[in-house]
Protein chains: 2
Amino acid sequence: MKRNTWQREAVREALGSNEGFVSAQSLHSSLRGTGSPIGLATVYRALADLAVEGEADSLQSLEGESLYRACTPGQHHHHLICRNCGLTVEIEADAVELWAKSVAAEHGFTQPNHVVDVFGLCAACSRTAGEE
Amino acid sequence: MKRNTWQREAVREALGSNEGFVSAQSLHSSLRGTGSPIGLATVYRALADLAVEGEADSLQSLEGESLYRACTPGQHHHHLICRNCGLTVEIEADAVELWAKSVAAEHGFTQPNHVVDVFGLCAACSRTAGEE
DNA sequence: GTACTATTGATAACGAATCTCATTACAGTT
DNA sequence: AACTGTAATGAGATTCGTTATCAATAGTAC
């Protein structure tokens, strides 16, 4: 049976209070920073669980680590992510969904999945970058 | 100045003789298997170089490792990849390019990049999977 | 051939993620 | 409220992909 622990709740809250994607490591250290004695392994486990349950999205950063973010559950969506500050916007893309399906079918592929993410500089970071 | 070594050439060839994406590690061991004394670090370096020069595509496997594949250079494209056997088809997707750009612009994002890959089971693997 | 230096490669170092296992504490039962 | 079974925790060890180190090697220009 699944149990409710303050640790899981702490991870859920920490995730929710964050605008962008965060790594398990940084989430752990920020929790530690607030005085919580939560363990690193527990953070990893909680994040993996949340991802499975659909309460969190995950993606691979360009450096290879997994990043997580609270998401609106039950709905397939993609992300527009600021390379600089991590700000993330959820985007829907029915057109892309259909495209992925048809491309797969065209080549005889079945059970299509897809990874679609857009990276860029958000308005604020674009402004900052332009000034230097 | 950049030099031509047999090591780089060996990596380029090994990449080209492969249909799907391969990891640096497996490329290294297959080269070693053919009697080449090439070092692991060199394989990593050569692959990184090829990726920068546009002669190779790279993506992150779900297990976190980087995979590489020879590609038709100078042209932006995406991939349709078999989850099971690694067979890869290069696909063009002008519609998706435009979509990514417009979505980014809509939210004030500049310098948009995107990651678009479709995973599935290729025709052959679909058949096999259906039989068991 | 000589000199310069980019490249190599064995190995150490690094870092993210997972595993181990004794301990803890949640959640039903009595 | 005490009891009990077991899911969950966490410190530390471990794994594994990748990168850094640095002395030795070997392209390339002259």
Side-chain angles (χ1 to χ4, degrees), chain A residues 1-15 18 20-53 55-69 81 83 86 115 117, chain B residues 1-15 18 20-53 55-69 81 83 86 115 117:
Chain A
M1 124 147 351
K2 192 146 180 268
R3 295 176 183 176
N4 293 327
T5 62
W6 64 264
Q7 286 97 333
R8 269 189 217 286
E9 198 48 44
V11 170
R12 198 198 309 268
E13 272 185 34
L15 246 204
N18 214 306
F21 280 83
V22 254
S23 69
Q25 306 263 359
S26 71
L27 206 65
H28 174 244
S29 62
S30 73
L31 280 166
R32 281 300 183 93
T34 67
S36 168
I38 193 169
L40 178 59
T42 303
V43 174
Y44 274 102
R45 283 187 284 239
L47 287 173
D49 285 355
L50 289 173
V52 167
E53 292 161 19
E55 290 195 61
D57 288 318
S58 68
L59 60 80
Q60 306 284 330
S61 81
L62 302 172
E63 295 83 41
E65 55 181 351
S66 289
L67 302 181
Y68 296 86
R69 179 171 182 274
I81 304 154
R83 255 196 296 279
V115 177
D117 288 301
Chain B
M1 130 151 340
K2 191 143 180 266
R3 294 176 183 176
N4 292 329
T5 62
W6 63 264
Q7 286 96 334
R8 271 189 218 288
E9 198 48 45
V11 169
R12 198 197 309 269
E13 272 186 34
L15 246 204
N18 214 306
F21 280 84
V22 254
S23 69
Q25 307 262 0
S26 71
L27 206 66
H28 174 244
S29 62
S30 73
L31 280 166
R32 280 301 183 94
T34 68
S36 169
I38 193 170
L40 178 58
T42 303
V43 174
Y44 274 102
R45 284 187 283 241
L47 287 173
D49 284 355
L50 289 172
V52 166
E53 293 161 19
E55 289 195 62
D57 287 318
S58 68
L59 59 80
Q60 307 284 329
S61 82
L62 301 172
E63 293 84 41
E65 55 182 351
S66 290
L67 302 181
Y68 296 87
R69 177 172 184 274
I81 305 155
R83 255 196 296 279
V115 177
D117 289 302

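Every value quoted in this text rests on a predicted model; they were computed, and no experiment measured them. In the text below, chain A, chain B and the rest are named by the order of the sequence lines, each starting its count at 1.
- In terms of polar N and O atoms assigned as donor or acceptor, the side chain of B:R3 comes within less than 3.5 Å of the base of C:dT5 in a complementary pairing.
- A 4.5 Å side-chain heavy-atom check between B:E9 and B:N4 finds every atom pair outside the cut-off.
- Counting heavy atoms from C-beta outward, A:H28 and A:I38 have side chains that approach closer than 4.5 Å.
- Spacing between atom CZ of B:R45 and atom P of C:dA10 amounts to 11 Å, rounded to whole angstrom units.
- At whole-Å resolution of the value, CD in A:Q25 and C1' in C:dT18 are 12 Å apart.
- Between atom CZ of residue B:F21 and atom OG of residue B:S26 there is a gap of 12.5 Å, rounded to the nearest 0.5 Å.
- The interatomic distance linking B:M1 (CE) with C:dT5 (C1') rounds to 11 Å, in whole Å.
- Each of B:S66 and B:N4 lies near DNA chain D, and the nucleotide nearest B:S66 is the one positioned closer to the 5' end.
- Side-chain nitrogen and oxygen atoms of A:T5 include none within less than 4.0 Å of the OP1 or OP2 phosphate oxygen of C:dC26.
- Which of D:dA8, C:dC19, D:dA20 sits closest to the side chain of A:A41 comes down to C:dC19.
- With a 4.5 Å cut-off on side-chain heavy atoms, B:R8 and B:V11 do not count as touching.
- The shortest distance between the side-chain N/O atoms of A:Q7 and the OP1/OP2 oxygens of D:dG10 is below 4.0 Å.
- For B:L40, whose side chain is taken as the heavy atoms from C-beta onward, the closest listed nucleotide among C:dT20, C:dA10, D:dT18 is D:dT18.
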When you look at A:R12 and A:L50, which way does the side-chain contact (heavy atoms from CB on, under 4.5 Å) test go after all the steps?
-> CA-CA 8 Å; A:R12 198 198 309 268; A:L50 289 173; 3.8 Å; yes

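- Atom-to-atom, NZ of B:K2 to P of D:dA26 comes out at 20 Å; the value is rounded to the nearest Å.
- Residue-level contact check: B:R8 touches the backbone only, with heavy atoms under 4.0 Å from sugar-phosphate atoms and none from bases.
- For B:E65 and D:dC16, the CD to P distance is 12 Å, given to the nearest whole Å.
- Of the two residues near DNA chain C, B:P37 and A:W6, the one whose nearest nucleotide lies more 5' is B:P37.
- As rounded to whole Å, 10 Å separates atom P of C:dA16 from atom CD of A:E63.
- In this model, the phosphate group of D:dA8 is not approached by any side-chain N or O of A:T42 to a distance below 4.0 Å at OP1 or OP2.
- Separating the CD atom of A:Q60 from the P atom of C:dA17 is a distance of 8 Å, rounded to the nearest angstrom.
- When rounded to the nearest whole Å, the span between OH of B:Y44 and C1' of D:dG17 equals 5 Å.
- Each of B:S23 and A:I38 was assigned the nucleotide of DNA chain D with the nearest heavy atom; the assignment lying further toward the 5' end belongs to A:I38.
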